[in-house]
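Below is a structure I'd like to ask you about.
Just follow the structure's listing: the first ligand is 1, and inside any ligand the first atom is 1.
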Amino acid sequence: MGPSFGRGVMTNHIVDLKNTDCALIMGSNAAENHPISMRWLLKARETRGAKIIHVDPRFTRTSARSDIYCPMRSGTDIAFLGGMIKYIIDNELYHKDYVVHYTNASFLVKEEFGFEDGLFTGYDAEKRKYDVSSWDYQVDEAGLPLTDPTLQDPRCVFQLMKKHYERYDIDTVCKITGTPKNKYLEVLNTYCATGAPDKTGNIMYAMGITQHTVGSQNVRSFAMVQLLLGNMGRPGGGVNALRGENNVQGATDMALLFHIIPGYIDSPMNTAANKDLLSFIRAQTPGAAKLPFTNLEEFRALVKAGFPNSGFKINTSKWVISLLKAWWGKAATADNDFGYHYLPKRDGNKNYSHIALFEAMHRGEIDGLFVNGTNPVVGGPNANKEQEALTKLKWMVSVDLWLNETADYWTYQGWERTVKNPNVPTYTPADIQTEVFFLPAAAVYEKEGTAAQTGRWVQFRWKGADPVGESKADLWIYNELGKRVKKLYAGSTKPQDEPIVNLDWNYDDENGHDDIMKVALELCGYNVADGKPVEGFAKLSDDGSTACGCWVYCGAMTYKDGKIIYKTQNRDNKDNSKTGLGLFSNWAWAWPMNRRIVYNRCSVQPDGMTPWPGDADRQLIRWDPTIPADPKKPEALGSWVGDDVPDFLKPTSPDKPAFTGPFIMRPELKGCLFAPKSAMKDGPFPEHYEPWESPTENIMNKQNLNPATKVWEPDKQGTSDKYPIIGTTYRVVEHWQTGALTRNLPWLAELMPDMMVELSEQLAKERGIKNGHKVIISTTRGDIEAVACVTKRFKPFIVNGKTVHEIGLLWHYGFKGYATGDPANRLTPHIGDANTMIPEYKAWLCDIRRA
Ligand SMILES: Nc1nc2c(c(=O)[nH]1)N[C@H]1C(S)=C(S)[C@@H](COP(=O)(O)OP(=O)(O)OC[C@H]3O[C@@H](n4cnc5c(=O)[nH]c(N)nc54)[C@H](O)[C@@H]3O)O[C@H]1N2
Ligand SMILES: Nc1nc2c(c(=O)[nH]1)N[C@H]1C(S)=C(S)[C@@H](COP(=O)(O)OP(=O)(O)OC[C@H]3O[C@@H](n4cnc5c(=O)[nH]c(N)nc54)[C@H](O)[C@@H]3O)O[C@H]1N2
Ligand SMILES: [Mo]
């Protein structure tokens, strides 16, 4: 799917899990961490006889509810899924019509593109980076990709993919993953049967997939499997990221990430290509690079004439300019590039994600830090180092419900429990220069606002109780901060202060209190002239007449009978879908445009009218040629109708190729089996590489580590001679994350009181460890103590003929609260995925012994 809406989101939604024929849960312990999803999945089993498959290094409560449990060694998902891709192709189990019409399987790839010894073309070993120019399609004079719909051309995506996965035969895969061959075959048989046109299968994943140096490519493998089997855009299908924190989806929508601005638009960089608004729009609109325009008017004229070939991103100028208008109001005008120069520009060569930030902090390059609702001393990778990094700050502000381990890091209490270990910093509070401020925050029930859940449903929640003591809602805190900063700069005439002086900061009601509906209106978009909501992002404009803080939320508000209606407050719990598909379209509001299943064009055949054979009940939308698109022009083509909001560009003609291009956020309008150009940093096809710390050589190719991953601490890499055991970390239902919310609750603390490590009976025997023993787990980054839980849930793996053990640790513990214990993250490495930089929490090396 490429980077259309960010990498983590459900393309379908939670209730839709009931419509599936088969679920592949891989890298998720849904029964403990997303129990509601299991509820709908079990319904699918009851009502449709759906099969549930769980692929996980250990047997969990999810496995217990599954029809098939299949073990695999941590960090080998691409081998597992690459073998599945090969199996689908070899046995012709793919959904042929779907693949030809809805994916880029038929596109021809440049002759220069190639792959050898684990490297794609364009690799620069020194920089550990790829030049991606060869990862592209062959094009005609008009710049449109050449295709071979017979899928026979050796340069077509389908044939290149087939060749790429030739090496992933079942024996090689099982040698890498340690999966028993009969189990692997059972999974392949069961899941790949969903390639039949009347079947759909869904994939559910979470952190077991993403927290790896190959995390993004793991997810890409899912996308490829689902495209081949024709499972995208159809009820009961999809690639479904079960997102974590209640509003983490909302956090990404709002761009709490360094590389995007709201609505998944790249954040501008300090490069020539981003030097002014027009250059930025040119760079952000696919296909616009070489178009002849020198101002916005000329650009608009070209767009009107049908150029460029950008898919839905043709509208980027409208989203960007409406965003600037939302932030700088009257000060954003056509004459000053709508204040584009006020936007901070990041250094394109630098990374500002979690690990990079803490590395910079550790080097003493950062003076101050706002820690808002996060607890890196427990939750951050290589937590010893991250805690030490905090000591280099001059000031730190913690905004939290609790004085968690991070807010209180300087008090030094935690170290007493820690076993003697040279890597643990040995400072005392008196040594620490950091001035720490604590702002008590109100809990979720003590304030109003929306949260966007994993299925993209944005739900308003009303306040249930008043905040305790002096605590305040986060909005109050940030509104106050904004107002006070503005006051400090008021009257300044310095040009560098203009972004603050001119900032449109108006979120107070008439009594001077923060008003969440004002924030919501800005996010959803309004017409500048009358302040009324814009009814959908198609109505946003790039002439300064609309303002919108996040275009994907545009359409959530409407104006009726003199009142603004916020659809996130909708609470109709009747299923609106005639077919009983459980869309519940009048419960809350889903982005984009209340669409419940994205890419839903795929739920009908290429003609738009006919459901997939035998699957009439799962048709989401339908092309009706008898209803004209424009009632005033009866000769105008037909319309899309159906239970869901159609995910499709305005049709021009059923004969045009765009009519069968369901993936509208991609310029080629197709689902990407091959990820072209800069979609991925580490290759157009997923390839198996070992985790940074691995018990074995990579037998698939000559590269051990993902070649595009940055290595931050080469001296901290553990090797299997000293650290032969794979360590992984995970959650339990009784605790929440770093434990601030649950280890402070007596009942939950009592239910799960101790830091625990799970290990197999075989390993326990080898090391003389019994259930309940205190043990020490050691790595190059530090040691911790935990209580041993000897269990049948873990079994040794046979990896390339050798026995390999894996152990599992909870990461919920720290030194504050009722239930305390060593943080597992004192063991985890400072290394992350090549694309997202998410830390490799799920596979690293350690050793274990009795304390
Ligand atoms: N009760 C509770 N619920 C939660 C949370 C919580 O802390 N407590 N946290 C929330 C948050 S923020 C998130 S992100 C989600 C996370 O939800 P999950 O991803 O389900 O959480 P984890 O338990 O970290 O990991 C899931 C599984 O991945 C497996 N695993 C480990 N390595 C690999 C691997 O290499 N490949 C595969 N396929 N599997 C592997 C682990 O054995 C584990 O069973 O949960 C959310 N829900
Ligand atoms: N080893 C290992 N490490 C991991 C993971 C793993 O699987 N393994 N998972 C990772 C994942 S997926 C995640 S999401 C992170 C989570 O890491 P964190 O986000 O650091 O963990 P939380 O415990 O959720 O921290 C939330 C803090 O927010 C506070 N809080 C709660 N509600 C509010 C509020 O309304 N306002 C404010 N201001 N504060 C509030 C809580 O008291 C708590 O201190 O951890 C990551 N760390
Ligand atoms: Mo998470």
Which residue and non-hydrogen atom of the protein lie closest to atom 8 (N) of ligand 1, and at what distance in Å?
H735 O, 2.6 Å

Looking only at atom types and distance, does a side-chain atom of T728 sit under 3.5 Å from a main-chain N or O of G808, one as donor and one as acceptor?
no

Which atom pair, heavy atoms only, marks the closest approach of I78 to Y168?
O-CE2, 3.9 Å

Which residue and heavy atom of the protein sit nearest atom 4 (C) of ligand 1, plus the separation
W736 CZ3, 3.2 Å

What part of N404 sits under 4.0 Å from ligand 2 if we count only heavy atoms: the side chain, the backbone, both or neither?
side chain

Which is it for V248 and ligand 1 at heavy atoms under 4.0 Å: side chain, backbone, both or neither?
neither

Check each heavy atom of Q211 against ligand 1 and say whether those closer than 4.0 Å belong to the side chain, the backbone, both or neither.
neither

Donor-acceptor check, side chain of E690 to backbone of N698, threshold 3.5 angstrom: yes or no?
no

Using atom types as modelled and distance alone, determine if a side-chain donor or acceptor of K842 lies under 3.5 Å from a backbone N or O of T729.
yes

Between CE of M755 and CD1 of I784, what distance do you get to the nearest 0.5 Å?
4.0 Å

What protein heavy atom is closest to atom 24 (O) of ligand 1, reported as residue, atom name and distance in Å?
R731 NH1, 2.6 Å

Of all the atoms in ligand 1, which lie at a distance below 4.0 Å from a heavy atom belonging to G75?
34 (C), 35 (O)

Heavy-atom proximity to atom 45 (O) of ligand 1, picking from N33, D77, N29, L81, points to N33

Ligand 1-proximal atoms of H812, by part, heavy-atom distance under 4.0 Å
side chain

Does NZ or CZ of R73 come closer than 6.0 Å to the centre of the six-membered ring of F80, within 45° of the ring's axis?
no

Does ligand 2 have an atom under 4.0 Å from some heavy atom of A442?
yes

Relative to the heavy atoms of M207, which atoms of ligand 1 are at a distance of less than 4.0 Å?
14 (S), 16 (C), 19 (O)

Closest to atom 33 (C) of ligand 1 by heavy-atom distance, out of S74, A31, C70, P71, is S74

Answer whether the closest heavy-atom distance between the side chains of M26 and H54 falls below 4.5 Å.
no

Passes side-chain hydrogen bond (donor to acceptor under 3.5 Å, both in side chains), N202 versus N12? Steps please.
CA-CA 9 Å; N202 73 39; N12 294 38; over 6 Å; no

By number and element, which atoms of ligand 1 are closer than 4.0 Å to a non-hydrogen atom of T728?
31 (C), 32 (N)

So for ligand 1, is L242 a polar contact partner (N or O within less than 3.5 Å, distance only)?
no

Return the option from P57, S63, A30 holding the heavy atom at the smallest distance from atom 30 (N) of ligand 1.
P57

So does Y184 get a backbone contact from the side chain of T179, meaning a donor-acceptor N/O pair under 3.5 Å?
no

Side chain, backbone, both or neither: which part of H34 has a heavy atom under 4.0 Å from ligand 1?
side chain

Donor-acceptor pair, E405 side chain versus K816 backbone, under 3.5 Å?
yes

Minimum-distance protein heavy atom relative to atom 34 (C) of ligand 2:
K447 NZ, 3.5 Å

Measure the distance from atom 42 (O) of ligand 1 to every protein heavy atom, then report the residue, atom name and distance (to 0.1 Å) of the closest one.
D56 OD1, 2.6 Å

Consider every N or O of G373 and every N or O of ligand 2, then say whether any pair is closer than 3.5 Å.
yes

Protein heavy-atom partner closest to atom 25 (O) of ligand 1 - residue, atom, separation in Å:
K842 CE, 3.5 Å

Does the T60 side chain pair with the main chain of S63, one donor and one acceptor, at a distance under 3.5 Å?
yes

At under 4.0 Å between heavy atoms, is it the side chain or the backbone of N825 that contacts ligand 2, or both, or neither?
side chain

What about Q737: any of its N or O atoms under 3.5 Å from an N or O on ligand 1?
yes

